[in-house]
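In each ligand, atom 1 is the first atom listed, and ligand 1 is the first ligand listed.
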Amino acid sequence: MSLAALIFDVDGTLAETEEVHRAAFNEAFRAHGLDWAWSVADYRKLLRTTGGKERIAAFQRTALPAAHHLPPEEIARLHAAKTRLYAARVDAGGLALRPGVAALIAAARARGLRLAVATTTSRPNVESLAAAAWGRPADAVFDVIAAGDEVAAKKPAPDIYRLALDRLGLDAARCLAFEDSRNGLLAARGAGLATIVTPSTYTAHESFEGAEQVLPDLSAFRLDSLASSP
Ligand code: XBP
Ligand code: MG
C-alpha cells in the first residue's frame with residue numbers, strides 16, 4: 001500500500017520546545033505567587049506525564065501536601081497563563097525547527113503527501129510555532145491538526161493519533177508518524193502507525209523499541225528509504 005500522509009508530533013519533534021515550556025511554566029508560577037520552580041532534573045521526571053495541566057496535577061500529587069493543592073479550575077487558569085507566556089517567548093524568536101523538518105515537509109508536499117499533526121500540546125502552541133517557523137497559520141502548513149484537549153486520554157494513549165487518522169480519512173497503513181519520545185511512540189504504535197523517532201534533548205535516554213527507524217534528526221531521513229514510498 002502506498003504512503004499517503006505524514007503525521008508529526010510537535011514538542012521535541014518539530015522543535016526543541018521543552019525548555020521554552022519549562023520557562024513558561026516557571027514564569028506562570030511566579031506570576032500566580034506560587035513558590036514553585038521546576039529545574040531541568042525535575043522537568044525530566046515531570047515529562048513522564050504528558051499535557052501541561054496533567055503535569056501540574058502530577059507535580060502536586062508527588063511534591064506537595066494535599067492542603068496546598070490547587071483545584072482543577074485554578075490549574076486551568078494557571079495553565080492558560082502559561083500558554084500565553086509560551087506564545088510570547090515563541091513570538092520573540094525563542095524557537096527554531098529541528099534540522100531536516102522544513103525540508104521534509106516541503107518534500108512531502110511536493111510529492112502530494114498529506115500532512116498532519118498529532119500532539120499533546122495545546123492548539124495555540126501549534127499556532128505559535130507555525131507562525132514563527134513558516135510565517136503562516138498552522139492549517140496552511142498542515143491539512144489536519146489534532147491537539148491537546150481534543151481527546152480525553154493523552155499520549156501514551158493512541159487517541160490523538162486515531163483522531164488525526166480519522167480526520168485524514170486514512171488507514172494507519174498508509175501513514176507514517178514522527179515522534180521524539182517513548183510516550184509518543186507508544187501512542188503512534190497503539191494506533192497502528194509505523195514510526196520514525198528522532199530523540200530530543202529530554203528523551204535521549206528513553207527506549208524506542210518498536211520504532212521503524214531511530215535517527216539523530218530528520219535531515220538523516222529519506223522518504224525513499226521506505227519500502228512503501230510512492
Ligand atoms: C508534549 C507535552 C506537552 C508540553 C506542554 O508531549 O507533554 O504537554 O510539554 O504543552 P508530546 P501544554 O510531544 O508527546 O505530545 O502545556 O500545552 O499541555
Ligand atoms: Mg514529543
Side-chain angles (χ1 to χ4, degrees), residues 6-29 32 36 38 40 42-59 72 75-90 94-95 97-98 101 116-130 138 142 145-164 177-191 193 195-208 211 214-215 217-218:
L6 308 183
I7 310 178
F8 292 89
D9 167 51
V10 173
D11 293 311
T13 300
L14 295 183
E16 288 280 9
T17 55
E18 289 300 355
E19 276 301 276
V20 186
H21 282 298
R22 187 174 71 86
F25 277 115
N26 284 335
E27 206 179 336
F29 299 156
H32 279 70
W36 309 350
W38 290 350
V40 168
D42 296 333
Y43 201 60
R44 181 164 287 116
K45 288 187 204 126
L46 288 162
L47 276 172
R48 287 182 206 142
T49 305
T50 61
K53 293 186 290 295
E54 293 81 354
R55 187 166 303 138
I56 293 168
F59 167 72
I75 291 180
R77 257 198 300 279
L78 179 59
H79 185 258
K82 176 261 171 183
T83 300
R84 289 191 293 275
L85 292 164
Y86 177 87
R89 285 171 181 268
V90 177
L95 277 184
L97 295 175
R98 286 187 66 187
V101 169
V117 157
T119 180
T120 300
T121 217
S122 310
R123 174 68 186 253
N125 302 344
V126 186
E127 294 299 340
S128 303
L129 181 63
F142 300 97
I145 297 166
D149 295 334
E150 288 192 286
V151 290
K154 293 185 177 173
K155 299 174 187 179
D159 305 37
I160 199 78
Y161 276 100
R162 289 194 178 133
L163 182 62
F178 293 84
E179 272 289 352
D180 71 300
S181 70
R182 176 153 187 79
N183 276 331
L185 173 63
L186 291 171
R189 296 292 297 133
L193 287 151
T195 307
I196 309 295
V197 176
T198 50
S200 55
T201 50
Y202 270 105
T203 63
H205 61 287
E206 295 180 356
S207 157
F208 302 112
V214 181
L215 302 169
D217 62 55
L218 286 176

Quick one: look at Val10 and ligand 1, take heavy-atom pairs under 4.0 Å, and tell me if it's side chain, backbone, both or neither.
neither

Are Phe29 and Trp38 an aromatic pair, judged by ring center distance below 6.0 Å?
yes

Which atom of Asp11 is nearest the Mg ion (ligand 2), counting N, O or S only? It is O

Give a yes or no on whether Asp180 keeps an N, O or S atom under 2.8 Å from the Mg ion (ligand 2).
yes

Mind checking whether Glu18 contacts ligand 1 via backbone (N, CA, C, O), side chain (CB onward), both or neither, at a 4.0 Å heavy-atom cut-off?
side chain

Can you tell which part of Lys82 has a heavy atom less than 4.0 Å from ligand 1: side chain, backbone, both or neither?
side chain

Any atom of ligand 1 sitting under 4.0 Å from a heavy atom of Asn183?
no

Any salt bridge linking Glu127 with Arg123? Criterion: basic side-chain nitrogen under 4.0 Å from a carboxylate oxygen.
yes

If you measure from each non-hydrogen atom of Phe8 to ligand 1, which part falls under 4.0 Å: side chain, backbone, both or neither?
neither

Counting from 1 in the order shown, the ligand 1 atoms closer than 4.0 Å to a non-hydrogen atom of Thr50 are 7 (O)

Lys154 and Asp159 ion-paired at < 4.0 Å:
no

Closest approach to the Mg ion (ligand 2) by Asp9, given as the N, O or S atom name
OD2

If we ignore angles and hydrogens, is there a donor and acceptor under 3.5 Å between the side chains of Thr201 and Glu16?
yes

